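Structure record follows, encoded as structure tokens.
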Amino acid sequence: MVLKAWFRYRQAFQKLSSGRRFNNPFFSVRNLAFGGLSTVALGGLLYYHKRDSNIELSEDYFTKYQVTQNLRLDDEHTMLELKPLRPQSTNLWELMKSKKLWSVQIKQPEIMVVRNYTPLPLQKLEDGNFVALEEGDNAGGKFWLYLKKYKQGEVARWLSKLPEGHVIELRGPFIDFEFPHLPDHNTFQTPRESTQQSYTTVYDILACTAGTGIAPVMQLLLTAGDPRKVQLLHSCRSKSDLGPLYSFFNQLEHTGRLQFHLFESTAGRDIRQIQSEALKLIPMPSGNQRNIPARLEDKLHPSFALVCGPDPYITTVSGTKYDLSQGPVEGLLSQRGWSERNVYKLS
Ligand SMILES: Cc1cc2nc3c(=O)[nH]c(=O)nc-3n(C[C@H](O)[C@H](O)[C@H](O)COP(=O)(O)OP(=O)(O)OC[C@H]3O[C@@H](n4cnc5c(N)ncnc54)[C@H](O)[C@@H]3O)c2cc1C
């Protein structure tokens, strides 16, 4: 109705010369006011249409999410639950199927910078326990983040302090890594190149992580429906850094999906100081692949290694990673026969 009136008004206005416009009753004060109001209403409609169309998470624009829970684990670590203001219809967990590791970018509005964070498919029950989302459930787009703040780090410090109810803006998903079709075909395809391929081959993964580098591996382990087994070597200051995430390691070990080794520096187990112990745990890369999901009793034989953590950790475990390139595989992994063909460094 408003649109029709506005177009009628505009057409009539354009047809008349300026002198005749004033004598024409169609351009009376009442009609002019109506035209003005219609224009404002139309602008409003367009604004709300644009605002509401930015509901589904996208790389191209920011979508509003609310902090629904802020769980402080210790002085440095926090877990945040984020819920979209409007429920998301796309189930990103199903879309990525844990073949892709993905993150979102959160905007710090005061300094206008964005940082990447890794969503985890978790929900907190009323009794305080955490469970992974079931297959097919996207919880309306709600997810959790595991955060570490650094003394000089603006964004993580700001995020960790956000109260429940605070609205923030984020965009994504950004695909940080896509597992190769075959473990030794480490060509790291772009997502578009790989959509045509079918993933029938299952191979085990060796994951070496430190600090919040655990987040992408937790994303992989917690995403429902993934058949791969993971051997995880995780380094942290203390296991309490992990908060409720720690309980999942036990559960996953019971299902046979995970073999977990913890290196706690406060317990004298800094991986840099006990390299010979770490070397004993790191297997040689295996040529094993299966065409069926692993069974509980199958032994773990990793044929692909993922290394996630701060740069000095990556250097110790797998050699220096340069900004735009992976760099050669050195460090502990190379001593056990791993190479550029089957290792990916994520930082
Ligand atoms: C794909 C991807 C996924 C990520 N997922 C997560 C996640 O799930 N949880 C999470 O907490 N972070 C994650 N990060 C890191 C995050 O994006 C930020 O880099 C981090 O929060 C620091 O940002 P900042 O603005 O607070 O600090 P910055 O301003 O970037 O850094 C300030 C100072 O903090 C210190 N610092 C920053 N990062 C590190 C580090 N990794 N190790 C040691 N010191 C550091 C350095 O002294 C640095 O000079 C991810 C990064 C990427 C690329």
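If you're wondering where the values come from, they're calculated on a predicted model, not measured in any experiment. The figures that follow rest on heavy atoms only: side chains count, while hydrogens, waters and symmetry mates do not. Read the numbers this way: they start at 1 and go in the same order the structure lists the ligands and their atoms.
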For residues 327-338, run the donor-acceptor check on the side chains, cut-off 3.5 Å, and write out each pair with its distance to 0.1 Å, sequence neighbours left out.
residue : atom : partner : partner atom : Å
Ser334  : OG   : Gly331  : O            : 3.4
Arg336  : NE   : Leu279  : O            : 3.3
Arg336  : NE   : Ile282  : O            : 2.6
Arg336  : NH2  : Ile282  : O            : 3.2
Trp338  : NE1  : Pro283  : O            : 2.8

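Protein residues with any heavy atom under 4.0 Å from ligand 1: Ser103, Arg115, Asn116, Tyr117, Thr118, Tyr146, Leu147, Lys148, Tyr150, Gln152, Gly153, Glu154, Val155, Ala156, Asp176, Thr212, Ala215, Pro310, Ser347.
Atom OG1 of Thr78 is separated from atom CG of Leu145 by 10.5 Å, given to the nearest 0.5 angstrom.
Of the N and O atoms on the side chains of Lys124 and Gln69, at least one donor lies less than 3.5 Å from an acceptor on the other residue.
Two residues are said to be in side-chain contact when any heavy atoms from C-beta on lie closer than 4.5 Å; His261 and Gln259 meet this criterion.
Residues passing the salt bridge (Lys or Arg N to Asp or Glu O under 4.0 Å) test with Lys161: none are found, sequence neighbours excluded.
Judged as a ring pair (Phe, Tyr, Trp, His ring centres under 6.0 Å), the pairs with a partner in residues 133-165 (not counting sequence neighbours) are, in order, Tyr65-Phe143, His77-Tyr146, Phe130-Trp144.
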